[in-house]
2 protein chains.
Amino acid sequence: MAAKLAAHKTGEVTVRGPRGRYAKSDATRAAILDAALEVFAQGGYRSGSIRDVAQRVGISEAGLLHHFSSKPRLLAAVLDRRDELAEHLVPRDLNDGVSALHGLIELARFNASEPGVVELYCTLSAEATSPSHPAHTYFVNRYVEVRRRLQVAFEDLEQRGLVRTGISPEAAVRATIAIMDGLQVQWLLDKSLLDMGEELREFFRTLTTVDI
Amino acid sequence: MAAKLAAHKTGEVTVRGPRGRYAKSDATRAAILDAALEVFAQGGYRSGSIRDVAQRVGISEAGLLHHFSSKPRLLAAVLDRRDELAEHLVPRDLNDGVSALHGLIELARFNASEPGVVELYCTLSAEATSPSHPAHTYFVNRYVEVRRRLQVAFEDLEQRGLVRTGISPEAAVRATIAIMDGLQVQWLLDKSLLDMGEELREFFRTLTTVDI
DNA sequence: GTCTATATGGCGATAGAC
DNA sequence: GTCTATCGCCATATAGAC
């Protein structure tokens with residue numbers, strides 16, 4: 001674990017001296033995960049190939065499989081890594097409904113700066129609606145968790161009388177997630193068509209009386 | 001074209017006498033398209049295989065390719081057929097904004113009775129955000145057309161003062177499409193979670209003052 | 001109109017040398 | 001830790017018999 005924290009983005013070996021014995025391995029792993037994200041984003045998991053990933057990294061398939069022993073494990077590692085990054089990125093207090101809405105708008109804006117990640121989740125979540133997909137339970141759990149968090153935010157807004165109509169917090173949660181997912185599809189098809197953050201902001205203004 | 005109209009759903013040959021010379025062929029084509037829809041829905045286009053389709057129909061791959069000469073052509077035929085059916089199903093007058101909203105709710109309800117079709121469009125539209133996908137331009141055009149139609153409806157609603165906030169018709173259109181797409185993903189992951197028609201109805205009630 | 005046989009190539013994964 | 005070589009499988013598509 002200490003080795004993980006010591007990893008370098010540059011991937012240079014032994015820059016930190018002989019004690020950095022895992023540095024290269026970790027750099028390679030990171031490069032593989034970056035490439036895998038691209039490949040799975042563009043082709044989805046099922047038709048993305050580890051061969052393609054290995055070529056982008058500049059190693060052989062066998063070399064790749066030394067680090068991630070199978071294709072499903074590689075996908076799991078990609079998703080785990082994104083979750084780690086997201087955890088550091090959005091550590092917001094969702095108990096405050098207003099700042100939660102601001103956080104979501106910020107998130108939408110940030111996503112627009114990473115089209116590959118948006119593509120990954122968009123493609124994967126659709127692909128993974130099939131129960132046999134290796135990431136199926138991941139996405140089921142993910143949506144449960146996201147709904148749980150948003151529920152807290154909208155309950156706060158409702159108690160403060162900030163929800164515009166008599167819409168229930170549950171429905172507001174489902175609609176918010178739907179809007180975010182649906183905007184991504186339209187945006188991926190034509191990035192000049194809409195600004196995801198702006199669009200979400202307008203949605204919140206129809207849903208709430210928050211001056212956002 | 002006459003042959004097409006004379007086709008039988010049962011697939012029985014020569015029921016109509018020797019003049020029904022294309023009946024069997026058309027029945028086979030229909031069976032192939034049904035099976036292809038299932039396969040592409042469950043696995044997406046790229047990882048769905050014509051082998052799988054052929055097995056479901058009970059013919060060989062070569063037999064299938066006699067009717068649809070390549071995999072992309074098979075996909076195109078599936079989409080064309082759905083468009084034909086949809087044309088008969090939703091010939092509504094979208095100039096009347098209120099009845100347009102009702103039509104969309106009905107459409108959402110109807111979609112819930114055909115999970116396979118929802119899965120097909122959900123999976124394909126995500127997959128087809130990639131420009132190299134054979135259905136890419138199909139989906140680009142489809143979204144343009146859907147937006148054009150909905151735009152008319154929301155302009156009508158706005159002129160009649162039925163849109164709740166100062167939201168633009170364009171934004172309302174994009175949000176409506178996003179909601180419909182996004183609800184489908186959540187619904188496919190857990191069909192007991194929400195009722196797509198009901199959810200859309202609540203959305204329209206936050207967006208408009210139409211008593212819907 | 002449907003079949004068998006086949007060409008051609010990509011895939012995930014393993015074995016074993018270095 | 002990375003490679004080459006290879007296995008076994010599945011894919012799309014074609015050729016030609018019936």
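Below, read A as the first sequence line, B as the second, and so on, with proteins coming before strands; counting in each chain starts at 1.
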For a quick check, with a 4.0 angstrom heavy-atom cut-off, what is the B/S/- contact string for nucleotides 7-18 of chain C, read 5' to 3'?
---SBBBBB---
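Listed by chain and residue number, B/Ser192, B/Leu193 satisfy the side-chain contact (heavy atoms from CB on, under 4.5 Å) test with B/Asp190 (two or more places apart in sequence, or in another chain). By the side-chain contact (heavy atoms from CB on, under 4.5 Å) test, B/Ala77 pairs with B/Leu33, B/Phe68, sequence neighbours left out. For B/Ala31, the side-chain contact (heavy atoms from CB on, under 4.5 Å) criterion is met by B/Val57, not counting sequence neighbours. With sequence neighbours excluded, no residue satisfies salt bridge (Lys or Arg N to Asp or Glu O under 4.0 Å) with A/Arg147. Partners of B/Gln184 under the side chain to side chain donor-acceptor pair (under 3.5 Å) rule, at least two apart in sequence or in another chain, do not exist in this structure. Among residues two or more places apart in sequence or in another chain, the side-chain contact (heavy atoms from CB on, under 4.5 Å) test is passed with A/Ser49 by A/Arg51, A/Asp52. For B/Arg109, the salt bridge (Lys or Arg N to Asp or Glu O under 4.0 Å) partners at least two apart in sequence or on another chain are B/Glu198.
Taking atom NE2 of residue B/His67 and atom P of nucleotide D/dA13, one finds them 16 Å apart after rounding to whole Å. In this structure, CG of B/Leu64 is placed 10 Å from P of D/dT12, rounded to the nearest angstrom.
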Let me have the donor-acceptor pairs involving side chains of residues 139-146 of chain A, under 3.5 Å, with sequence neighbours excluded, atom names and distances please.
from	atom 1	to	atom 2	distance (Å)
A/Asn141	ND2	A/Thr137	O	3.2
A/Tyr143	OH	A/Asp181	OD2	2.6
A/Glu145	OE1	A/Arg148	NE	3.2
A/Glu145	OE2	A/Arg148	NH2	2.8
A/Glu145	OE2	A/Arg149	NE	3.2

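The list of side-chain hydrogen bond (donor to acceptor under 3.5 Å, both in side chains) pairs with a residue in residues 117-126 of chain B, not counting sequence neighbours, reads B/Tyr121-B/Tyr138.
Looking at A/Asp34 and A/Arg29, no side-chain N of the basic residue comes within less than 4.0 Å of a carboxylate O on the acidic one, giving no salt bridge. Between B/Arg82 and B/Glu114 there is a salt bridge, with a side-chain nitrogen of the basic residue lying less than 4.0 Å from a carboxylate oxygen of the acidic one.
For A/His66 and D/dT2, the shortest distance from a side-chain N or O to OP1 or OP2 is not below 4.0 Å. The side chain of B/Thr28 places an N or O atom within less than 4.0 Å of a non-bridging phosphate oxygen (OP1 or OP2) of C/dT2. Between A/Ser60 and D/dT2 there is no side-chain N or O to OP1 or OP2 distance below 4.0 Å.
Applying a 4.0 Å cut-off to non-hydrogen atoms, none of the residues of residues 124-135 of chain A approaches DNA chain C. Contacts between residues 73-81 of chain A and DNA chain D, counted as heavy-atom distances below 4.0 Å, involve no residue at all.
Closest to the side chain of A/Ser25, out of D/dG1, C/dC3, D/dC3, is D/dG1.
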